[in-house]
Asks: 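Mind looking over this structure? Questions follow.
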Amino acid sequence: MYRFGFGLMWVVGTFGCGGSDGASDAAPSDAPSDSSSDAHEDAGVADGGSPLGPYPPVTDLPARDALPDLFMSFDGTRRASDVSEWEAWRQDELRDLFAFYQYGYAPSDEVPVTVEVVVSEPDFIPDQVRYDELAVRLGDLGLVVHVALFTPHGVDSPPVFVAPNRCGNQEVTEDPRVRATTAWQGDNCGSTVEESRGVRAYQWPISSIAEAGFAFATFHESEIDPDDEEHDFANGVHAALVDSARDPRIRWGRVAAWAWGVSRVIDGLLEHGTVDATRIAAVGHSRRGKTVLLAAAHDPRIALVIAHQSGTGGVALHRSLEGETLELINALFPSWFNDVFPTFARRELQTPVDQHQLIALVAPRAVLATDGSDDRWADPDGARAAVLAASPAWELYGAPGVVLDDAGAPTLDGPLAWHLRPGDHDLTDDDWATFLEFARRRGW
Ligand code: GCU
C-alpha cells in the first residue's frame, strides 16, 4: 500500500473539531509523544481532493476528551439546529470528514448494474424457500457479484436482510445447489472451497428467517474486494475502479469498497424486483458490521442496519480507548481504511469525527448495534456509549432515538438500539432472534 512521509510535529491547532460540547483542548504534554519510535508520520494531505476541505493534517488537530459534536460544523462556526440544516450541509460535512480522515473516498463513477438469474430453485426448501442466484454485473468493470437470494414462499414483496459473507455463498448451506465462490478465500474458511461448504451455515438460519417472512440475500465480499493484504489492491474493485484524480492517501480503503459493494448488490436486488424496496435491512458481523454501518451512512435505501460486534471502525467509539486500538487495527489490517487513518495511532483524542457521528448519519432510519459480553476486543461499552451519543440525531427528527428501560438500559423499542447478549465473538441463533425482534418492533 502506498505510504507517505511528512515532517513530524505536535501542534495543538486552533481550528477544526469545533463545538465539542465545551471540552477543553488537552495540553500538549498530555499528547502521545512523537518521539515514540513507532509513531506514524503525519498525513499532511493539505488539499488532497476533498470536495469540502482542505482539512488540517492529523498532527495539527487538537486533542479533545469530549466527543465531537453531532451538529456543530467542523470549523465551529455554525450549528445544524433542525432537520433541514442537518440534511443541507452537516450530513455532507460528516461524510466528507469520515472519507478524508478514515475510510477514504469511493470513486464517483456511476456503475450501472445488470442482473441475470443464473440458478433458480423454486422449492429449495420444500414448501418454504425459493432460491435464486443473481449474477450482478458491475458496469463494464469486468466484475460480477453472485447474490444468493432466498425468498419465503407465499410472501409478496418480502423485506430482505442483505449480508456480505466471508467465505463465499456456499458457506451458508451444505446444499450444492448454492454454487461455490470462485473468488479468493481467506483464513478460517477451509483448505479448499468445497471444504468451506456449510462452514458457517449455523450463522445463517435461512429457514427461521423465511419463517419470519423475510428474504435473505448474501454475497461473497471477495467478489468486491479480496481481503488479501498480500495482493493489496491489485485485484477486485480497487483495481477495476481507480480514482486517479484523487490523492492516493485518501482513496477508498477496503471497508469503503465493501460498503460500496453492498449498495451495488441492492441495485441488483431492486433491478430483480422481488424484494420490498422500502424494507431493506443490511446486516454484518465484525468487519462486515463496520461495512454495513458505513453503507447505511451513505445509502438511504438501507432502511434498517444491524452492525453486530462491529468494534473499532464500526460502532465502537475511538475515544472509549478499550478493545482494539486504532494503532492495532491499522497495523493488522493496513488496507481497511485510507492512508491517513493510521496517523491516529495513539492519537484517539485527536480524531475529528467519532463513530457516534457515523451512526447519526443513518437517522431517522433504524440502527441496531449488538455485542457479546465476553467480546472485549469489539468494545461493547464503547459501542453502547456511541449509540447513546448518536440518539440526538433521531430526536432532531422528532423520533425517540434510544429508548431506555427503567434501569436505564437501552431496549429494542426505539429506532436506535444496542443489545448485549452473553458470550463471545460469533453470530448465533440468539443474535438472529434479536435481529428479527428488532425488525418486528419496527413494524416489519
Ligand atoms: C479482527 C479485527 C476486528 C474485526 C474482526 C473480524 O479481530 O481486529 O476489527 O472486526 O477481525 O472481522 O472478525
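Atoms within a ligand are numbered from 1 in the order they appear, just like the ligands themselves. Since the model is a prediction, treat every value here as computed from it, not as a measurement.
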Asks: Sub-3.5 Å donor-acceptor pair from the side chain of Thr151 to the main-chain atoms of Ala215, do we have one?
Replies: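 No, the answer is negative, given that no donor and acceptor are paired below the 3.5 Å cut-off.
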
Asks: Pair His318, Gln102 - check side chain to side chain contact (heavy atoms under 4.5 Å, CB included), show working.
Replies: CA-CA 12 Å; His318 306 321; Gln102 188 164 333; 3.2 Å; yes

Asks: When you check ligand 1 against the protein, what N or O pairs turn up below 3.5 Å? List the atom names and distances, or just say none.
Replies:
{"from": "ligand 1", "atom 1": "7 (O)", "to": "Trp377", "atom 2": "NE1", "distance (Å)": "3.1"}
{"from": "ligand 1", "atom 1": "8 (O)", "to": "Glu324", "atom 2": "OE1", "distance (Å)": "3.1"}
{"from": "ligand 1", "atom 1": "8 (O)", "to": "Glu324", "atom 2": "OE2", "distance (Å)": "2.5"}
{"from": "ligand 1", "atom 1": "8 (O)", "to": "Trp377", "atom 2": "NE1", "distance (Å)": "2.9"}
{"from": "ligand 1", "atom 1": "9 (O)", "to": "Lys290", "atom 2": "NZ", "distance (Å)": "2.9"}
{"from": "ligand 1", "atom 1": "9 (O)", "to": "Glu324", "atom 2": "OE1", "distance (Å)": "2.6"}
{"from": "ligand 1", "atom 1": "10 (O)", "to": "Ser286", "atom 2": "OG", "distance (Å)": "2.7"}
{"from": "ligand 1", "atom 1": "10 (O)", "to": "Arg287", "atom 2": "N", "distance (Å)": "3.4"}
{"from": "ligand 1", "atom 1": "10 (O)", "to": "Lys290", "atom 2": "NZ", "distance (Å)": "3.1"}
{"from": "ligand 1", "atom 1": "11 (O)", "to": "Arg287", "atom 2": "NH2", "distance (Å)": "3.1"}
{"from": "ligand 1", "atom 1": "12 (O)", "to": "Ser286", "atom 2": "OG", "distance (Å)": "2.9"}
{"from": "ligand 1", "atom 1": "12 (O)", "to": "Arg287", "atom 2": "N", "distance (Å)": "2.9"}
{"from": "ligand 1", "atom 1": "12 (O)", "to": "Arg287", "atom 2": "NE", "distance (Å)": "2.6"}
{"from": "ligand 1", "atom 1": "12 (O)", "to": "Arg287", "atom 2": "NH2", "distance (Å)": "3.3"}
{"from": "ligand 1", "atom 1": "13 (O)", "to": "Ser286", "atom 2": "OG", "distance (Å)": "2.8"}

Asks: Do the side-chain N and O atoms of Ser335 and Glu229 include a donor-acceptor pair separated by under 3.5 angstrom?
Replies: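 Side-chain D/A pair, Ser335 to Glu229: present.
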
Asks: Out of Leu412, Leu368, Ile209, which residue meets the side chain to side chain contact (heavy atoms under 4.5 Å, CB included) rule with Phe435?
Replies: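 Exactly one candidate clears the test, Leu368.
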
Asks: Of Arg287, Arg288, Arg166, which is the lone residue that meets salt bridge (charged side-chain N to carboxylate O under 4.0 Å, His left out) with Asp227?
Replies: Arg287

Asks: Answer yes or no: is there a donor N or O on one side and an acceptor on the other, between the side chain of Asp405 and the main chain of Ala407, under 3.5 Å?
Replies: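 Pair found, side chain donor or acceptor close to backbone of Ala407.
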
